[in-house]
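Sequence lines set the chain letters: A, B, ... in the order given, protein chains first and strands last, and positions in each chain run from 1. Not measured: the values here are computed from a predicted model.
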Amino acid sequence: EAPRESHDEL
Amino acid sequence: MNIFRLLGDLAHLASIFVLIHKIQKTRSCRGISFKTQALYALVFVTRYVDLLYHWISLYNFVMKLFFMASSCYILYLMKFRYRPTHDPSIDTFKIEYLLGPSFFLSLIFNYEFSLTEIMWTFSIYLESVAIFPQLFMLQRTGEAETITTHYLAALGIYRALYLPNWIYRYITQDMVDPIAITAGLVQTGLYLDFFYVYFTKVLHGQKFELPA
């Protein structure tokens with residue numbers, strides 16, 4: 001599962 | 001959002017304002033690598049395509065727009081407005097060496113083999129090394145205007161602050177992002193030499209000069 005939470009970062 | 005990330009983002013914002021201020025105040029982009037600035041513009045455009053289909057928050061939206069717009073504005077200033085003050089003969093780092101490996105690594109090490117995920121991953125890898133042409137230029141000239149060093153320091157502090165942010169997120173949210181963390185460590189590591197001179201000399205009022 002991709003840690004997509006990190007995609008909320010800049 | 002935690003304090004480390006907020007301060008990191010603010011440092012990133014500050015770095016861009018310092019850079020624009022430097023160019024406008026000295027009416028010159030001397031000492032600034034156009035190649036590094038062009039790479040940052042590419043980083044933002046490839047990373048923030050999710051603006052088109054994925055809403056996160058107003059903060060996120062505004063910041064992404066700002067980073068894309070400001071990086072394009074800086075390219076405009078360097079390429080058109082203050083073009084005569086830019087000397088391509090000292091901005092000679094070959095960006096193929098950064099673009100190529102970033103692209104191939106993003107094809108191999110990604111979270112999902114899809115166009116947008118590969119673009120995101122590519123932008124992360126590219127950002128981690130995009131400062132190379134700028135540092136290379138600094139190395140060649142051996143000195144820098146103080147305001148330029150403030151720009152570089154803010155830019156370095158931005159990614160350095162993301163490191164405690166990731167530790168905090170690991171502890172509080174159990175979140176681990178190996179791609180971002182690895183690239184972030186590399187990116188911060190590239191600044192260590194610069195930080196040493198900045199904190200020991202520039203902040204004590206001395207000029208940024210590398211030992212001969």
| Flag for B/Thr148-B/Arg30: side-chain donor and acceptor within less than 3.5 Å | no
| Going through the distances and angles, do B/Glu117 and A/His7 end up as a side-chain hydrogen bond (donor to acceptor under 3.5 Å, both in side chains)? | CA-CA 10 Å; B/Glu117 271 301 303; A/His7 290 25; 2.9 Å; yes
| Residue selection (most heavy-atom pairs with chain A, distance under 4.5 Å) from B/Arg5, B/His12, B/Arg47 | B/Arg5
| said: With a 4.5 angstrom heavy-atom cut-off, is it the side chain or the backbone of B/Asn165 that approaches chain A, or both, or neither? | reply: side chain
| Side chain, backbone, both or neither: which part of B/Asp50 has a heavy atom under 4.5 Å from chain A? | side chain
| message | I'd like to know if the side chain of B/Thr46 reaches the main chain of B/Val43, judged simply by a donor and an acceptor atom lying under 3.5 Å from each other, with no hydrogens or angles considered. | response | yes
| request: Please find out if less than 6.0 Å separates the ring center of B/Phe17 from that of B/Tyr151. | output: no
| task | Could you tell me which portion of B/Phe44 (side chain, backbone, both or neither) has an atom closer than 4.5 angstrom to a non-hydrogen atom of chain A? | result | neither
